[in-house]
Amino acid sequence: MGTEELAHLEIVGAIVHQLTRNLTPEEIERSGFGPYYIDHTVGVWPQAAGGVPFNACEFQSKGDPITDLFEDLAAEQKARVTYDNILRMVKDPEVCDPIRFLRKREIVHFQRFGEVLRDVQDHLNSRDFYAFNPSFDIPQGPRCDQLQCAGNGQEAPGSQGVQNDQGMQNSQGIQSGQGIQNGQGMQWDPGIQGDQGMQWDQGM
């Protein structure tokens, strides 16, 4: 979808270029295009309709799947509404046809992000989707090199207390029900619960 969104930017830029490339100075002044022309002539420079320039703040990333997916869903709906507003104002079919195509794609993207959100929530505890950040707080189990001794007939390190890369200490093995203590003093109880996600103790 990210690649397609870049293509959307290219399509909109092409529309702007075709609409402005042959403007006369009189048409530029009469249409209110003058301030843009002074800064950029008729070059394509990304900005909002209100004149706010495109910048990295347009990209939202919080590092939490549910938060980021809702950002994606909102972005798709805001794009769809923008296209709706353009179609209300513009009647030129050479502009309206590609804008209608882009509008349809925003709706499809919204549906795909919604499916991903449901999939993420299906793998969390339905009683509290927001108890923890699944991309950060779930302990990752021992590394392969820590499990090599299991192939030599020795007891797997999970039962001896393995310190993983995130500083989480499992005192009795991940599925033991004894809880997992990480390096920040957060206590999970009783540990990983299969597809239901992780339950937090009150020490969070």
Side-chain angles (χ1 to χ4, degrees), residues 1-13 15 46-50 52-88 96-143 164-168 170 174-177 179-204:
M1 275 189 277
T3 302
E4 186 173 346
E5 292 294 352
L6 291 175
H8 291 187
L9 180 62
E10 184 178 5
I11 292 171
V12 172
I15 293 173
Q47 67 176 41
V52 179
F54 178 85
N55 60 76
C57 293
E58 308 301 327
F59 301 111
Q60 298 298 328
S61 177
K62 199 64 175 177
D64 177 89
I66 293 180
T67 304
D68 288 339
L69 284 167
F70 272 109
E71 289 278 7
D72 295 332
L73 289 163
E76 301 296 344
Q77 286 299 300
K78 286 186 283 187
R80 191 264 306 162
V81 172
T82 298
Y83 293 138
D84 285 345
N85 293 340
I86 291 173
L87 292 171
R88 291 187 183 98
C96 293
D97 288 347
I99 292 299
R100 288 192 185 97
F101 167 78
L102 295 177
R103 181 184 181 277
K104 291 177 181 178
R105 297 309 301 165
E106 304 301 348
I107 294 172
V108 172
H109 293 176
F110 179 80
Q111 293 169 333
R112 297 292 87 80
F113 280 125
E115 292 166 1
V116 175
L117 177 62
R118 285 191 293 273
D119 183 70
V120 170
Q121 292 176 330
D122 284 345
H123 289 81
L124 297 176
N125 189 332
S126 61
R127 292 177 295 179
D128 191 352
F129 292 138
Y130 315 105
F132 67 100
N133 182 346
S135 70
F136 183 81
D137 293 320
I138 293 181
Q140 298 298 313
R143 298 190 303 269
N164 69 13
D165 289 337
Q166 294 184 358
M168 298 178 182
N170 184 348
I174 289 180
Q175 300 268 346
S176 66
I180 300 172
Q181 181 73 30
N182 71 9
Q184 297 180 350
M186 296 181 182
Q187 183 73 29
W188 288 298
D189 184 25
I192 295 176
Q193 301 293 317
D195 289 340
Q196 297 302 314
M198 187 174 293
Q199 296 179 348
W200 290 82
D201 196 358
Q202 294 181 356
M204 178 179 174

> Do R80 and Q77 have side-chain atoms, one donor and one acceptor, less than 3.5 Å apart?
Replying inline: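 R80 vs Q77: donor-acceptor pair found between side chains.
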> How far apart are the closest heavy atoms of V120 and L124, and which atoms are they?
Replying inline: O-CG, 3.4 Å
> What closest approach, in Å, do L73 and F110 show between heavy atoms, and which atom pair accounts for it?
Replying inline: CD2-O, 3.3 Å
>> Are the side chains of V12 and Y83 in contact, using a 4.5 Å heavy-atom criterion?
In response: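 The answer is yes, as the side chains (C-beta and beyond) meet within the 4.5 Å cut-off.
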>> For R105, is there an ion pair with E4 - N to carboxylate O distance below 4.0 angstrom?
In response: yes
> Should I15 and I99 count as side-chain neighbours, where that means a heavy-atom distance under 4.5 Å?
Replying inline: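 Yes, close enough: below the 4.5 Å cut-off.
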> Hey, what do you get for CG (D64) to CD (E71), rounding to the nearest 0.5 Å?
Replying inline: 11.0 Å
>> I need the minimum non-hydrogen distance between I11 and P98, along with the two atoms involved.
In response: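 It is CG2-CB, 4.3 Å.
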>> If you define the side chain from C-beta out and look only at heavy atoms, does anything of K78 sit under 4.5 Å from V81?
In response: no
> Are E5 and E76 close enough that some pair of their side-chain heavy atoms sits under 4.5 Å apart?
Replying inline: yes
>> D97 vs F101, test: side chain to side chain contact (heavy atoms under 4.5 Å, CB included). Steps then yes/no.
In response: CA-CA 6 Å; D97 288 347; F101 167 78; over 6 Å; no
>> With a 4.5 Å cut-off on side-chain heavy atoms, are R103 and L87 touching?
In response: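 Touching, per the 4.5 Å side-chain cut-off.
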>> Any non-hydrogen side-chain atom of N133 less than 4.5 Å from a side-chain atom of P65?
In response: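 Yes. Closest side-chain heavy atoms under 4.5 Å.
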> When H109 is tested against each of E106, R112, Q111 for side chain to side chain contact (heavy atoms under 4.5 Å, CB included), which residue passes?
Replying inline: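 Exactly one pass, corresponding to E106.
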>> If I compare all heavy atoms of D68 with all of Q60, which pair ends up nearest, and what's the gap?
In response: OD1-O, 4.4 Å
